[in-house]
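What follows is a single structure, written as structure tokens, with notes after it.
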Amino acid sequence: MRLIVFGANGPTGRLLTTQALAAGHDVVAVTRKPRDFPLEHDRLTTFEGDVHAADSVDSAIAGGDAVLSTLGVPYSKQPITTYSAGIANIVAAMRKHAVRRIAVVSSSAVDPKPYADAGFLFNRVLQPYLTQVMGKTLYDDMRAMESLLTETELDWTVVRPSGLYTSALVTDYTVAEGHTEGRFTSRADLAACLLRLVDDDRYVQKIVSVVTTSNNPSLLRLIRTEALGKH
């Protein structure tokens, strides 16, 4: 298939692109900074594009078979529109070019629930702070993206990972409709899940969770490496 990957230059996007090429697909990797994109392959097209620009999105999607979005932006106190504006332009282009299949990365934090194994500090202090204060504008925009996409007639799937961390190896991860009791998701597993959804119709027009069930980091390590950028 010819897969259009938005957010291809992010950590999940690079893994997804690598896995898709290894699986034999053609990939159009959409990035605002193509010179910084490190991957090369005979079946890879690196496309300079911005999801905020409708014409750019339209050109990227033309001739594609499916769209995968790993768009990601950092927390900000300012309003964020990347997810909602991006999906609006993507949906318009998909309709124009008769592309039906799309899977997008969202987050379990858009609908936070307490975890049975997490304890008071995580459930009552840390998670509310991340979702309602530190990441409020980001998760508000993710919710808007989900609302826009789920109201369409497309063959969509919304994928909600939990706390993301980098690991190169794909594990025996879990995918389930709705909420899943798992606080961690490796980016390799998230990428593998997205790729698997391309030709799997079990979760068409569904919101799913994906979690990694083995070799997860501690919560402290996750906060240090992912939230604070310390290694």
Side-chain angles (χ1 to χ4, degrees), residues 1-8 10 12-13 16 28 30 32 47 49-76 78-113 130-132 135-162 164 175-180 185 190-191 193-211:
M1 299 179 72
R2 184 174 175 84
L3 306 181
I4 317 302
V5 178
F6 288 92
T12 302
L16 174 58
V28 177
V30 185
R32 291 183 298 111
F47 184 94
D50 187 333
V51 292
H52 285 95
D55 289 347
S56 170
V57 173
D58 183 89
S59 297
I61 288 176
D65 295 307
V67 174
L68 300 172
S69 173
T70 61
L71 290 171
V73 296
Y75 290 148
S76 173
Q78 302 302 315
I80 293 173
T81 61
T82 299
Y83 302 99
S84 56
I87 206 62
N89 286 331
I90 288 170
V91 165
M94 290 178 67
R95 286 170 168 161
K96 177 180 176 180
H97 296 287
V99 179
R100 292 198 55 83
R101 190 69 177 112
I102 179 172
V104 303
V105 174
S106 183
S107 172
S108 62
V110 302
D111 185 22
K113 291 180 171 56
L130 289 174
T131 59
Q132 299 172 24
K136 184 181 186 305
T137 58
L138 186 148
Y139 298 124
D140 283 349
D141 196 40
M142 278 189 171
R143 291 185 193 96
M145 172 189 71
E146 289 191 5
S147 294
L148 284 167
L149 184 60
T150 56
E151 291 173 0
T152 72
E153 77 291 351
L154 299 175
D155 295 335
W156 55 264
T157 304
V158 172
V159 181
R160 292 177 176 173
S162 293
L164 284 170
V175 181
E177 187 176 348
H179 176 72
T180 301
T185 309
L190 174 57
C193 174
L194 289 166
L195 188 58
R196 172 178 156 193
L197 288 170
V198 166
D199 54 9
D200 184 345
D201 61 4
R202 287 178 296 172
Y203 298 113
V204 167
Q205 297 192 345
K206 304 290 185 183
I207 297 175
V208 302
S209 298
V210 53
V211 295

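Sequence positions, counted from 1, serve as the residue numbers for this chain. The analysis underlying the following values was restricted to heavy atoms, covering all of them including side chains, and did not include hydrogens, waters or symmetry mates.
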Quick one: pull up CG in D155 and CD1 in I102 and give me the separation to the nearest 0.5 Å. 10.5 Å
Candidate pair K96 and D58, rule salt bridge (Lys or Arg N to Asp or Glu O under 4.0 Å), full reasoning: CA-CA 8 Å; K96 177 180 176 180; D58 183 89; 3.4 Å; yes
Separation between CG of D50 and OG1 of T82, rounded to the nearest 0.5 Å: 8.0 Å
With sequence neighbours excluded, residues passing side chain to side chain donor-acceptor pair (under 3.5 Å) with D55: none
May I have the step-by-step check of side-chain contact (heavy atoms from CB on, under 4.5 Å) for I80 and D140, ending in yes or no? CA-CA 8 Å; I80 293 173; D140 283 349; over 6 Å; no
Do you know the tightest heavy-atom contact between A85 and H52? CB-CD2, 3.9 Å
Taking C-beta and beyond as the side chain, do L71 and V51 meet within less than 4.5 Å on heavy atoms? yes
Can you tell me if S69 uses its side chain to pair, donor with acceptor, with the backbone of F6 under 3.5 Å? no
Please report the interatomic distance CG(L16) to CG(L3), rounded to the nearest 0.5 Å. 7.5 Å
Whether the side chain of Y83 engages the backbone of V73 through a donor-acceptor N/O pair (distance < 3.5 Å, no angle test) should be reported. yes
Check E177 with R202, please: is the shortest side-chain N to carboxylate O separation under 4.0 Å? no
Under a 3.5 Å distance rule, please check whether T185 uses its side chain to pair with a backbone N or O of V210 as donor and acceptor. yes
S59 versus F47, closest heavy-atom pair with distance: CB-CZ, 3.7 Å
Is it true that R101 and T157 share a donor-acceptor pair across their side chains at a distance under 3.5 Å? yes
Heavy-atom closest contact (G49 atom, S56 atom, distance): CA-OG, 3.0 Å
Can you list everything that forms a side chain to side chain donor-acceptor pair (under 3.5 Å) with R2? Sequence neighbours excluded, please. none
Judged by atom type as modelled, is there a donor-acceptor pair below 3.5 Å linking the side chain of T152 to the main-chain atoms of L149? yes
Can you confirm whether V159 sits close enough to V104 that some side-chain heavy atom of one is under 4.5 Å from a side-chain heavy atom of the other? no
I'd like to know if the side chain of Y139 pairs up with that of Y75 as donor and acceptor (distance under 3.5 Å, no hydrogens or angles considered). yes
Give the minimum heavy-atom separation between Y203 and V208, together with the two atoms involved. CD2-CG1, 3.4 Å
I need the M145 CE to S106 OG distance, nearest 0.5 Å. 4.0 Å
As an exercise, state the distance from CH2 of W156 to NZ of K206, rounded to the nearest 0.5 Å. 8.0 Å
Sidechain-backbone polar pair: R95 side chain, I90 backbone, donor-acceptor under 3.5 Å: no
Within the structure provided, determine whether T70 and L194 are in side-chain contact (heavy-atom separation under 4.5 Å). yes
Are there over 12 heavy-atom neighbours, none belonging to R32, within less than 6.0 Å of that residue's CZ? no
Quick one: CD on E146 to CG on D111, what's the gap to the nearest 0.5 Å? 8.5 Å
Any side-chain heavy atom of V5 within less than 4.5 Å of one from V28? no
Stepwise side-chain contact (heavy atoms from CB on, under 4.5 Å) test for D65 and V99: CA-CA 6 Å; D65 295 307; V99 179; over 6 Å; no
Donor-acceptor pair, S107 side chain versus R160 backbone, under 3.5 Å? no
Do T137 side-chain atoms and S76 backbone N/O form a donor-acceptor pair below 3.5 Å? yes
Can any side-chain N or O of N89 pair as donor or acceptor with the backbone N or O of V57 at less than 3.5 Å? no
Over all atoms of both residues, closest heavy-atom pair of A60 and I4: O-CD1, 3.5 Å
At their closest point, which heavy atom of V211 faces which heavy atom of S162, and how far apart are they? CG1-OG, 3.8 Å
Could you verify whether a donor N or O on one side chain and an acceptor N or O on the other, from S84 and D141, lie under 3.5 Å apart? yes
